[in-house]
Amino acid sequence: MFPLSHMLKAFVRTGTLKVIDADGREHVFAGSPSPTVTMRLTDRSLYHKLFLNPELHAGEAYMDGRMSFENGSTIRDFLTLFSLNRSSLATYPLQSVLKRISRGVKRFQQANPVGKAQRNVAHHYDLGNDFYKLFLDKGMQYSCAYFINDDDTLEEAQQNKLRLIASKLQLKPGLKILDIGSGWGDLALYLAAMEDVDVTGVTLSKEQHALSNEKARRAGLSHRVRFELLDYRKVDKRFDRIVSVGMFEHVGVHHYGEFFAKINALLDDDGLMVLHSIGKMSPPGTASPWLRKYIFPGAYSPALSEVFPVVEQNSLWVTDLEFLRLHYAKTLNHWHRRFVANRARIAAMYDERFCRMFEFYLISAETMFTSGSQLVFHMQLARKRDAAPIVRDYITDLQRHYRLQEAECLKVLKGTELTPA
């Protein structure tokens, strides 16, 4: 087990990790009394692999079944323990050196030029609509929901999120709206159902593009809502409003200048943009190597210190900023519970290794919002300082107003919902 055992002694400061090695010997690494996790490793090569790159090889070992858990322990228990001790791992000498090297090459890790960006998106978002409808809400929203009450259903919380974003966009009849990274179309359709606006959504996912346009047709909104299979950098019209939800994470730090310059060019002089993105409260770093390899190639959740300077350089006003700190943890927990409920069907679609991979992703992401540094931010941007009201009460007032209108809106969108077959 050496040198892995040496690193684990330094790693476990909170809780206890019991490791049963490939020869059946038990090794105990103890910090504070709880939690306790029992892990079994069945492959001796993992001793060195986990020592050199634990974030990559722990995920791979779980996917392949070479890492398992016993005595009532689960992968959730292990990932919670990992998250609670993450900072002590980062200060271990070898890991500290490797982190510095990784930060030095993150330009290449996050390269998302036109063309490659579409391939990166297809890796995850084109897994198939039948798969995603097994764990997302009925509207197929694959981003952080907004839980006004702890007992909100996933559908209610996603509706809350749409309402919150709409209020920050200040909808008015006749507005032309661009939705960058439009997903399966629910936000664009909601905006058009709530107000007489014209919405163009752009996505790089072929699966999302096809289904979004079908949903617009079914809702009777095709004349005011359209979705294009297009990189946002190729859009050449100007808009009164721009919104982007869950797409900025795929831009890459070294493309931020390009992104905000394009926003400035596309936004009308009196226009507003709302940017919804995962970020973090810690200093700049790199994405998990396992997440980059298996889930989101080229993706990265930025530190706020990496975003604000580029906004300033592109002469944009930040007219409002809001943080959703625990809402994504709640969202991911809902997704995981629905994933587990449909696990047998998903295994039949793909295989057991895929299920373990996706399970690892959903739970590890949740822990980053409960005990790690991640959060979600809403940044409202404008070219003029007075494009939005100078007192933010309007956001609350508009949410109340839109809630009263939603009964009719939901009737329009009811026919677009997808439920598991």
Side-chain angles (χ1 to χ4, degrees), residues 3-19 27-39 41 46-47 49-63 67 69 73-104 106 109 249 278-296 299-306 323 325-326 328-330 332-333 336 357 359-376:
L4 177 60
S5 59
H6 185 271
M7 185 178 74
L8 290 178
K9 286 178 183 178
F11 168 56
V12 180
R13 291 286 179 265
T14 301
T16 300
L17 178 63
K18 296 180 180 180
V19 180
H27 309 260
V28 179
F29 307 94
S32 60
S34 62
T36 297
V37 177
T38 302
M39 177 174 71
L41 303 177
L46 285 174
Y47 305 160
K49 288 180 177 178
L50 290 172
F51 173 71
L52 292 171
N53 198 337
E55 291 191 73
L56 173 62
H57 293 297
E60 290 185 333
Y62 180 72
M63 288 164 58
M67 173 194 289
F69 301 94
S73 299
T74 65
I75 183 61
R76 177 178 287 278
D77 298 327
F78 169 72
L79 289 171
T80 299
L81 183 77
F82 185 92
S83 185
L84 290 171
N85 290 280
R86 184 183 297 272
S87 60
S88 58
L89 179 65
T91 58
Y92 189 76
L94 175 63
Q95 297 305 317
S96 180
V97 170
L98 294 176
K99 285 288 186 184
R100 286 199 298 272
I101 294 172
S102 182
R103 285 195 292 270
K106 74 179 185 179
Q109 296 170 352
E249 299 91 322
I278 299 172
K280 58 188 175 186
M281 52 72 67
S282 55
T286 59
S288 153
W290 182 85
L291 197 73
R292 286 199 313 270
K293 182 175 180 179
Y294 290 99
I295 307 297
F296 295 121
Y300 172 67
S301 301
L304 293 172
S305 59
E306 295 174 292
F323 297 102
R325 288 154 290 139
L326 286 168
Y328 216 158
K330 292 176 180 290
L332 285 155
N333 189 270
H336 180 243
M357 176 190 77
E359 183 179 31
F360 192 92
Y361 151 58
L362 291 173
I363 298 172
S364 62
E366 181 184 342
T367 64
M368 284 305 298
F369 287 94
T370 53
S371 54
S373 63
Q374 289 194 322
L375 48 77
V376 169

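All values below come from the heavy atoms of this structure, side chains included, with hydrogens, waters and symmetry mates left out.
Counting only heavy atoms from C-beta outward, the side chains of E60 and M67 never approach each other to under 4.5 Å. Contact check for S364 versus I75: no side-chain heavy atoms found under the 4.5 Å cut-off. Considering only heavy atoms from C-beta on, L4 comes within 4.5 Å of M7 through its side chain. Under the 4.5 Å side-chain criterion, counting only non-hydrogen atoms from C-beta, M281 is not in contact with L304. Side-chain contact check for F296 versus E249: every heavy-atom pair is 4.5 Å or farther apart. Side-chain contact between V376 and F323: absent, with no pair of heavy atoms (C-beta onward) separated by less than 4.5 Å. Using a 4.5 Å cut-off on side-chain heavy atoms (C-beta onward), P284 and S305 make contact.
Separating the CD1 atom in I295 from the CG atom in L362 is a distance of 8.0 Å, to the nearest 0.5 Å. We find the CE-CZ distance between M39 and F29 to be 8.5 Å, quoted to the nearest 0.5 Å. To the nearest 0.5 Å, the span separating NE2 on H27 from CG on L17 amounts to 11.0 Å. Expressed to the nearest 0.5 Å, how far CE of M368 lies from OG of S288 amounts to 9.0 Å. Here NE2 of H57 is found 7.5 Å from CG of L50. Values are rounded to the nearest 0.5 Å. With rounding to the nearest 0.5 Å, the separation of CZ in R325 from CG in L375 is 9.0 Å.
Between E366 and N333, the shortest heavy-atom distance links the atoms OE2-ND2, 3.2 Å. In this structure, P35 and L84 approach most closely via the heavy-atom pair CD-CD1, 4.3 Å. Between T16 and G31, the shortest heavy-atom distance links the atoms OG1-N, 4.4 Å.
Judged purely by distance below 3.5 Å, without hydrogens or angles, the side chains of D77 and T80 never pair a donor atom with an acceptor atom. A side-chain donor-acceptor contact under 3.5 Å links E359 and Y62.
Under the salt bridge (Lys or Arg N to Asp or Glu O under 4.0 Å) rule, E55 has a single partner from R86, R292, K49, which is R86.
Judged as a salt bridge (charged side-chain N to carboxylate O under 4.0 Å, His left out), and not counting sequence neighbours, K9 has no contacts. Residues satisfying the side chain to side chain contact (heavy atoms under 4.5 Å, CB included) test with T38, not counting sequence neighbours, are K18, I20, E70, N71, S73. In this structure K330 satisfies the side chain to side chain donor-acceptor pair (under 3.5 Å) test together with D150, sequence neighbours excluded. Residues passing the side chain to side chain donor-acceptor pair (under 3.5 Å) test with Q374 are S301, sequence neighbours excluded. With sequence neighbours excluded, the residues satisfying side chain to side chain donor-acceptor pair (under 3.5 Å) with S83 are S371. Remark: S282 engages S373 in a side chain to side chain donor-acceptor pair (under 3.5 Å) (not counting sequence neighbours).
Here the side chain of S88 pairs a donor or acceptor atom with the backbone of F11 at under 3.5 angstrom. A distance-only check finds a donor-acceptor pair linking the side chain of Y300 to the backbone of G285 [under 3.5 Å]. Not one N or O on the side chain of N85 forms a donor-acceptor pair closer than 3.5 Å with the backbone of F82.
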Kindly indicate, with the supporting measurements, whether the criterion side-chain contact (heavy atoms from CB on, under 4.5 Å) is fulfilled by M63 and F360.
CA-CA 8 Å; M63 288 164 58; F360 192 92; 5.6 Å; no
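Aromatic pair Y361/Y294: ring centres not closer than 6.0 Å.
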